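Since the model is a prediction, treat every value here as computed from it, not as a measurement.
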Amino acid sequence: MVSLFELGETALAQNFRLVHLEKVSSTNDEALKHGLAGEAGRLWVVADEQVGGRGRLGRVWSSPTGNLYASVLLIDPALPLHLPELGFVAGVAAAEAVGALVGDNPRLGIKWPNDLLFDGAKLAGILLETTVRPDGKRICVIGIGVNCDSNPLDTPYPATALAKIPSIGGEGSEPRAVTMFRHLSSCFAAWLEVWAEGKNFAQIRAKWLKYAAHLGQSITIARQNERIEGIFKTIDSQGRLILAGPQGEKVIEAGDVFLNAPP
Ligand code: BTN
């Protein structure tokens, strides 16, 4: 089958390459395999369908055809301490790529750490995985799933899809996932350059905060065995969430954010 997927111009200019597959377990696994096999990095793996798609915190990512499943492989993209920042680079890139389709829309936001929301419903998710290969190089895989034609109905949170959002500047009648990927690959290449191996994470953070959902609002952080309430103040210079509560500020490294109902 001829693939319709293609890299955007900025991605091509920055020497990214693309592998397209029809059905995989998970594009993150495929990208990881390429990394372990000695790939030099800057490789996107895109699939039409995943049968073992996974999300953050061990969750399943429902992956029928019609949505975008894409993972980008980077090898030793920065010092280890900066690698978690890549989730934010991808979050900003994904928000900008969606913005290219739905317009500069205040209804589009990023929920910490990096879920894309439209009108409060989840449109896309990001899963960053890293490992070290035998030659000591670090493999980073950033997997991005965008609900293009459909969204799952059985989620514990509201979800949506591009198909339900009026979009602008459509490029003919090509599949939404193809258009989305072209924008995503270019936006990612552009923001990766801005990031500059972490030297400019401050710029990523500033852009992320412009998209931030629930900033200044009362939220609950749900973790395995606890729930912490507070006001979402900001994210710090490492992308950690700063939560202000009665006992002062807490630094949150992981968890799920839920908006609290007004009192
Ligand atoms: C989340 O919000 O929990 C993260 C979802 C990440 C899903 C994408 S789809 C492409 C890549 N392959 C996977 O198995 N997961 C990521």
_If we ignore hydrogens and angles and just use 3.5 Å, is the side chain of Thr65 paired with the main-chain N or O of Asp48 as donor and acceptor?_
no

*Does a side-chain heavy-atom distance below 4.5 Å link Ile235 with Arg240?*
no

*Measure across Ala121 and Ala159 and return the closest heavy-atom pair with its distance rounded to 0.1 Å.*
CB-C, 3.8 Å

*Consider only side-chain heavy atoms of I, L, V, M, F, W and Y, link residues closer than 4.5 Å, and tell whether Leu7 and Leu74 are in one cluster.*
yes

Please table the atom pairs, donor to acceptor, closer than 3.5 Å between any side-chain atom in residues 188-195 and protein atoms at least two apart or in another chain.
| from | atom 1 | to | atom 2 | distance (Å) |
| --- | --- | --- | --- | --- |
| Trp191 | NE1 | Glu96 | OE1 | 2.8 |
| Trp195 | NE1 | Glu85 | OE1 | 2.7 |

*asked:* Determine whether a donor-acceptor pair (N or O, by modelled atom type, separation under 3.5 Å) exists between the side chain of Tyr157 and the backbone of Phe258.
replied: no

*If you take all heavy atoms of Ala244 and Lys233, which pair is closest and at what distance?*
CB-CG, 3.6 Å

*Does a side chain donor of either Lys122 or Asn147 reach within less than 3.5 Å of an acceptor in the other side chain?*
no

*asked:* Counting C-beta onward and ignoring hydrogens, is there a side-chain heavy-atom pair between Leu117 and Leu108 closer than 4.5 Å?
replied: no

*Classify the ring geometry between Trp44 and Phe181 as parallel (under 30°), tilted (30 to 60°) or perpendicular (over 60°).*
perpendicular

_Nearest non-hydrogen partners of Gly8 and Ser185, listed with the distance_ = N-OG, 2.9 Å

*Return yes if a side-chain donor-acceptor contact under 3.5 Å exists between Gln50 and Thr27, otherwise no.*
yes

*Taking the side chain as C-beta and beyond, is there a heavy-atom pair between Leu68 and Val46 under 4.5 Å?*
yes

_Let's go through Gln217 and Leu259 carefully: what are the C-alpha distance in whole Å and the side-chain angles of both, what is the deciding distance for side chain to side chain contact (heavy atoms under 4.5 Å, CB included) to 0.1 Å, and is it a yes or a no?_
CA-CA 7 Å; Gln217 293 183 284; Leu259 184 64; 3.8 Å; yes

*Between Arg56 (side chain) and Gly255 (backbone), is there a donor-acceptor pair under 3.5 Å?*
yes

*Identify the heavy atoms of Ala11 and Ser186 that sit nearest to each other, and give their distance.*
N-OG, 3.6 Å

*asked:* Please check this pair: side chain of Asp236 against backbone of Gly239, looking for a donor-acceptor N/O pair closer than 3.5 Å.
replied: yes

*Test ring-ring contact (aromatic ring centres under 6.0 Å, His included) applied to His20 - qualifying residues, sequence neighbours left out*: Phe5

*Distance-only, no hydrogens or angles: does the Asn105 side chain make a donor-acceptor pair with backbone N or O of Arg107 under 3.5 Å?*
yes

*Report the residues that fulfil salt bridge (charged side-chain N to carboxylate O under 4.0 Å, His left out) with Arg17, sequence neighbours left out, ordered by chain and then residue number.*
Glu39

*Full working for salt bridge (Lys or Arg N to Asp or Glu O under 4.0 Å) between Asp29 and Arg54*: CA-CA 10 Å; Asp29 290 343; Arg54 52 177 189 273; 2.8 Å; yes

*Could you check if a side-chain atom of Phe88 sits within less than 4.5 angstrom of a side-chain atom of Trp112, using non-hydrogen atoms only?*
yes

_Does atom NZ (Lys164) have a neighbourhood of more than 12 heavy atoms from anything else shown, all under 6.0 Å?_
yes

*State whether the number of non-hydrogen atoms from other residues, nucleotides or ligands found under 6.0 Å of Glu226 atom CD is greater than 12.*
yes

*Is the side chain of Asp149 donor-acceptor paired with the backbone N or O of Asn67 at a distance under 3.5 Å, no angle test?*
no

*Quick one: does Asn114's side chain have a donor or acceptor within less than 3.5 Å of a partner on Ile126's backbone?*
no

_Donor-acceptor under 3.5 Å (Arg133 side chain, Gly35 main chain)_ = yes

*Mind checking the CD1-CD1 spacing from Ile228 to Ile219? Nearest 0.5 Å is all I need.*
9.5 Å

*In the single-linkage hydrophobic clustering (I, L, V, M, F, W, Y; side-chain heavy atoms under 4.5 Å), do Leu43 and Leu128 co-cluster?*
no

*Would you confirm whether Lys111, through its side chain, and Val257, through its main-chain N or O, come within 3.5 Å as a donor-acceptor pair?*
yes

_Could you tell me if the side chain of Cys140 sits less than 4.5 Å from the side chain of Leu73, heavy atoms only?_
no

*asked:* Could you tell me if the side chain of Arg223 sits less than 4.5 Å from the side chain of Ile252, heavy atoms only?
replied: yes

*What are the two closest non-hydrogen atoms of Lys137 and Asp135, and how far apart are they?*
N-OD1, 2.9 Å

_Under 3.5 Å: donor-acceptor pair, side chain of Trp61, backbone of Gly125_ = no

*Taking atom types as modelled and ignoring hydrogens, do the side chains of Asn28 and Ser71 form a donor-acceptor contact shorter than 3.5 angstrom?*
yes

